[in-house]
Amino acid sequence: MGVEGIGARVARKEDKRFITGKGRYTDDMVVPGMKHAVFVRSPHAHAKIKSIDTSSASAMPGVIGILDGKQLTEDGIGSLICGWAVHSKDGSPMNMGVWRPLAEDTVRYVGDAVLIVVADTGDQARAAAEAVVIDYEELPAVTTALAAMKDGAPQIHPEADHNLIFDWEIGNGADVDAAIANAAHVTNLDVDNNRLVPNAMEPRATLGVYDDSEEHYTCWTTSQNPHVARLVMSAFYNVAPENKLRVIAPDVGGGFGSKIYIYPEEIVCLWASKRTGVPVKWTADRTEAFLTDAHGRDHVSNIKIAFDADNRITALKVDTIANLGAYMSLFSSSVPTYLYATLLSGQYNIANVHANVRTVYTNTTPVDAYRGAGRPEASYLVERAMETAARELGVSPAELRRKNFITQFPHQTPVIMNYDGGDFGASLDAATKAADYDGFPARKAEAAGRGKLRGIGMSCYIEACGIAPSKAVGSLGAGVGLWESAEVRVNAVGTVEVLTGSHSHGQGHETTFAQLVAERLGVGMDTVSIVHGDTDKVQMGMGTYGSRSGAVGMSAVSVALDRVEAKAKKVAAHLLEADESDIIIENGELKVAGTDKSVPWFQMALACYTAHNLPDGMEPGLKESAFFDPTNFSFPAGCYICEVEVDPETGKTEIIQFVAADDFGNIINPMIVEGQVHGGVAQGIGQAMLESCIYDPDTGQLLTASYMDYAMPRADDLPSFDVSTTVTPSPSNPLGIKGCGEAGAIGSPPAVINAITDAIGSNKLEMPASPQAVWAALNAK
Amino acid sequence: MYETNYHRASSVSEAASLLAGSDEAKLLAGGQTLIPTMKQRLAAPSDVVDIRHIAELKGISVSGSKVTIGAATSHAEVAQSADIANVCPALCGLAAHIGDPHVRHMGTIGGSIANNDPAADYPAAMVALDATIHTNNRTISASDFFVGLFETALDEGEIVTAVSFDAPSKAAYQKFPNPASRYAMAGVFVAQGNGGIRVGVTGAGSEGVFRSSEMEEALASDFSPAALDAIAVDPAGMLADIHGSAVYRANLVKVMARRAVAAAG
Ligand SMILES: Cc1cc2nc3c(=O)[nH]c(=O)nc-3n(C[C@H](O)[C@H](O)[C@H](O)COP(=O)(O)OP(=O)(O)OC[C@H]3O[C@@H](n4cnc5c(N)ncnc54)[C@H](O)[C@@H]3O)c2cc1C
């Protein structure tokens with residue numbers, strides 16, 4: 001490792017721009033003639049649109065146009081789709097209802113877009129939006145999945161009887177039932193996974209520009225995957241063909257999944273730009289972000305784990321009902337199925353696993369991937385059940401887990417995943433040591449002396465990242481391949497531009513990708529630029545989510561670098577009159593090994609571009625590209641330990657210590673990895689203790705639609721984290737990277753709840769464990 | 001936000017006449033309640049009259065045990081006042097835990113009590129300290145000032161100019177913050193003053209801030225946390241919302257009261 005190479009704690013190159021306010025976000029974009037849009041949204045959770053009167057609003061100052069869903073349909077704009085086809089266990093396709101970008105007849109959640117108002121200023125657009133008169137006939141609404149499935153519940157889409165989208169299963173059901181019947185002990189737990197609002201710091205925004213001279217569209221948008229946005233808008237929404245649509249995702253201030261999807265606003269602003277003849281910009285306000293950014297989680301589950309007399313797991317069975325909201329968002333079907341149930345074997349050697357998952361429409365904001373996407377739901381379920389089982393069996397939670405760990409790799413689970421490596425015992429050892437797990441009883445006794453209830457909880461999570469081998473996901477119903485592309489351009493003076501289909505919205509690609517180049521080419525990081533987020537610059541890419549940028553995106557860069565190196569060596573060998581196989585690249589030079597003969601990197605690059613003296617038949621220039629498709633998912637895993645003190649009088653919980661021992665495979669920049677774990681754990685603690693997305697069950701109004709009611713974690717809610725890593729490299733990509741973006745949010749909620757339930761001596765506790773909830777659990781005993 | 005006309009008043013009388021000049025005008029102090037409400041388009045005053053820069057409304061004076069705080073004094077100024085800390089540190093502690101640093105440097109004591117949010121902190125102190133609210137045309141005792149949720153005894157156009165009180169011999173405030181907003185879910189200010197012991201409770205009552213006469217009586221005979229053990233706070237009078245049921249709030253009131261008594265010493 002050099003000072004800037006792989007493994008170095010390099011300060012982030014992009015931070016100067018961000019912390020001095022020079023970041024360029026979608027809302028910062030200004031183009032000549034640009035106008036402002038406001039969406040008129042449904043105030044009702046479920047209603048028929050009887051009539052729309054825009055006459056007085058249209059006459060208001062500054063108003064350029066007020067457009068509706070009928071016009072959108074007239075112009076042939078398509079409906080929003082879910083891009084992952086999941087079939088019910090009877091073989092039938094999912095019952096997907098229609099999602100129009102602007103609702104025409106029926107609105108299905110509070111926030112459903114009905115009209116776009118374009119005006120000279122945002123205030124004028126807002127004023128006109130308020131002056132629109134829409135006559136709604138309110139219909140009964142339903143907000144929970146359980147209620148939506150009942151006979152007589154409001155029917156939300158005609159396609160989905162009883163609001164059921166699909167009834168899917170995975171695993172070997174009959175074997176599971178037999179094993180449970182013959183078990184020495186069965187742990188049986190009902191567990192909810194609370195709905196979350198993603199709350200990226202930057203709200204969504206888009207700027208649509210139609211150029212009639214070229215019949216060309218440009219879309220600036222807050223996207224984690226601009227190429228996917230272009231693909232979907234071209235192929236499915238009929239906005240424009242790909243060669244006539246440029247999508248740019250400039251600096252993006254956080255996504256957490258919520259900016260993967262293509263939302264109505266991007267489509268409608270592009271279309272409205274053509275209809276009105278002006279560039280149209282929309283930026284969500286915070287209330288719109290609460291109401292319309294795809295939410296996360298929202299599962300109701302039962303889990304059973306069967307043990308033999310030796311406390312070995314013989315079977316695991318799960319029944320889950322997932323609330324997908326009012327419409328099926330882009331990847332919504334995959335989250336509670338292939339990204340969830342395939343991880344239910346956890347870190348354990350379990351011969352029999354079965355999961356049944358029903359997904360349901362409700363009159364709520366659409367639900368899709370949110371940091372971890374399915375994997376937090378799986379680890380929460382499995383790890384709460386494991387801790388519960390240890391208590392029921394009267395054994396150490398750490399030892400019950402250790403006894404059941406998978407230790408031989410590769411390991412084929414009964415639920416598709418083939419774990420290709422790991423060392424779960426190493427993480428467990430590292431975490432228990434860091435947390436002084438064995439010393440807990442003394443600390444508990446000491447706390448009791450102060451009137452505090454002290455508890456300790458653990459979780460041993462595993463997740464699947466490096467999403468994903470294209471053939472595998474294709475066979476499971478994905479509508480796209482999940483490879484990544486890269487292009488490495490060495491300029492004539494030796495500086496390097498890396499074009500990647502990954503997208504950074506906080507992860508630090510401009511630093512870590514440059515570190516890889518510095519490591520490989522021996523050049524300084526300041527001579528390397530990372531280019532991403534623009535479909536006119538980068539040919540194609542699949543974007544950033546599922547902790548894939550390192551494992552897949554950087555691997556594509558690595559393969560392209562292989563090709564650059566190979567050619568550079570050929571050129572250097574020619575210039576130095578040496579054998580190609582003797583050339584090594586080091587410290588900005590290409591050297592003949594074992595001699596003092598060398599050519600500086602920049603001189604070699606210049607030779608490629610002057611082309612005065614290249615080997616016979618060699619093309620000038622130095623630019624290589626690659627498409628990398630991983631051979632497997634990668635499997636980050638780790639052990640988290642949380643220790644809390646509960647104030648029994650108020651139910652307030654304080655986290656005393658939080659230990660994270662992760663195996664992320666090889667690490668490019670430990671500082672950035674620690675930052676990812678800190679952020680992920682903060683979000684996980686947010687889910688476990690604070691964040692609660694509550695709808696009024698009768699009216700379908702979102703009651704927690706601002707920070708006055710939706711509790712986001714703040715610095716003083718969090719302890720100082722003790723994070724460390726153990727390393728088993730991933731065998732599925734050339735860099736051995738597993739991915740670290742989501743682990744914190746996946747592993748932490750069960751550790752926190754296990755700690756609190758340990759402290760209060762009651763397992764009847766759902767997330768978020770707010771002071772009120774903990775106090776109620778204590779007093780219900 | 002809707003369009004509005006901004007005026008910066010340089011005296012209380014100018015503020016009063018600017019207010020009288022329009023039936024849709026509103027006073028603007030720290031703006032920490034009014035501005036967010038306007039941004040959400042829930043309030044649309046035609047004019048706002050900024051009183052935060054009026055010299056006669058600003059500042060803290062302590063002479064003997066008499067404390068006077070100008071209405072436009074910020075929470076941060078109260079929190080950091082060495083003069084108040086000498087005679088009533090509990091009030092400094094209360095102010096130091098309102099909102100965040102931005103809120104504390106903008107928000108004012110006059111704005112806070114005029115707004116009378118049922119979860120605001122100052123109202124509990126005002127009733128427990130038996131404070132006097134001074135306006136541009138009269139004085140009102142704190143017990144009469146806070147009328148109900150977001151309701152005060154202020155007349156249309158009346159301006160709070162200051163609050164004053166006699167420093168208590170002992171006092172303490174304990175607040176259990178709402179996890180989201182950090183306003184009080186239950187805040188109890190206990191004070192022992194010339195007129196006896198007073199207990200002000202905020203955040204919890206369904207009618208807004210209130211005095212707990214039961215607790216006051218119990219503490220009068222025995223100023224100790226244990227004196228409150230036998231008291232059952234009735235959930236019937238408590239607020240209930242997604243953050244806390246009435247039963248939970250009733251519990252918090254008692255716990256905070258005990259802790260306040262312990263802290264007051
Ligand atoms: C994020 C946040 C967190 C907060 N947390 C807390 C908390 O924990 N505890 C708490 O108690 N408060 C909290 N607040 C409120 C804060 O304390 C404000 O100071 C208070 O709400 C209003 O004071 P202001 O000076 O900002 O008044 P403004 O917002 O300017 O005015 C509020 C109302 O009072 C009227 N008014 C203002 N001054 C006078 C006057 N002198 N005479 C008559 N009427 C007047 C105005 O016309 C308006 O109707 C919080 C606010 C925010 C934004």
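All values below come from the heavy atoms of this structure, side chains included, with hydrogens, waters and symmetry mates left out. Naming convention: chains lettered A, B, ... in sequence-line order (proteins, then strands); numbering from 1 in each chain.
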(message) So if I apply the side-chain contact (heavy atoms from CB on, under 4.5 Å) rule between A/Trp775 and each of B/Leu252, B/Val247, B/Val255, which one comes out positive?
(response) B/Val247

(request) Answer yes when A/Asp123 and B/Lys39 have at least one side-chain N-carboxylate O distance shorter than 4.0 Å, and no when they do not. (result) no

(message) Need one label for A/Arg286: side chain, backbone, both or neither, based on atoms under 4.5 Å from any heavy atom in chain B.
(response) neither

(request) Answer with side chain, backbone, both or neither: which region of A/Asp647 has an atom nearer than 4.5 Å to a non-hydrogen atom of chain B? (result) side chain

(message) Between A/Thr650 and B/Met256, is there a side-chain heavy-atom distance shorter than 4.5 Å?
(response) yes

(request) Select one option (side chain, backbone, both, neither) describing which atoms of A/Glu130 are under 4.5 Å from chain B's heavy atoms. (result) side chain

(message) For the CD atom on B/Glu207, are there more than 12 heavy atoms of other groups (residues, nucleotides or ligands in this structure) within a distance under 6.0 Å?
(response) no

(request) Test salt bridge (charged side-chain N to carboxylate O under 4.0 Å, His left out) on B/Arg182 and A/Asp709 and set out the steps. (result) CA-CA 10 Å; B/Arg182 304 256 172 121; A/Asp709 291 306; over 6 Å; no

(message) Out of A/Arg714, A/Glu691, A/Lys652, return the one with the most heavy atom pairs under 4.5 angstrom to chain B.
(response) A/Arg714

(request) Give a yes or no on whether a salt bridge exists between A/Glu649 and B/Lys254, defined as a side-chain N under 4.0 angstrom from a carboxylate O. (result) no

(message) What part of A/Pro771 gets within 4.5 angstrom of chain B, counting heavy atoms only: side chain, backbone, both, or neither?
(response) both

(message) What's the separation between atom OG in A/Ser692 and atom NE2 in B/His243, rounded to the nearest 0.5 Å?
(response) 8.5 Å

(message) Using a 3.5 Å distance criterion without hydrogens, assess whether the side chain of B/Tyr183 forms a donor-acceptor pair with backbone atoms of A/Met708.
(response) no

(request) For the pair A/Gln772 (side chain) and B/Tyr248 (backbone), establish whether a donor and an acceptor sit closer than 3.5 Å, ignoring hydrogens and angles. (result) no

(request) Measure the spacing between CD1 of B/Ile242 and CD1 of A/Ile694 and express it to the nearest 0.5 Å. (result) 4.5 Å

(message) What part of B/Arg258 gets within 4.5 angstrom of chain A, counting heavy atoms only: side chain, backbone, both, or neither?
(response) side chain

(request) Residue by residue, scan residues 172-181 of chain B and write down, ordered by number, those that have a heavy-atom distance under 4.5 Å to chain A; if none do, write 'none'. (result) B/Phe176, B/Asn178, B/Pro179, B/Ala180, B/Ser181

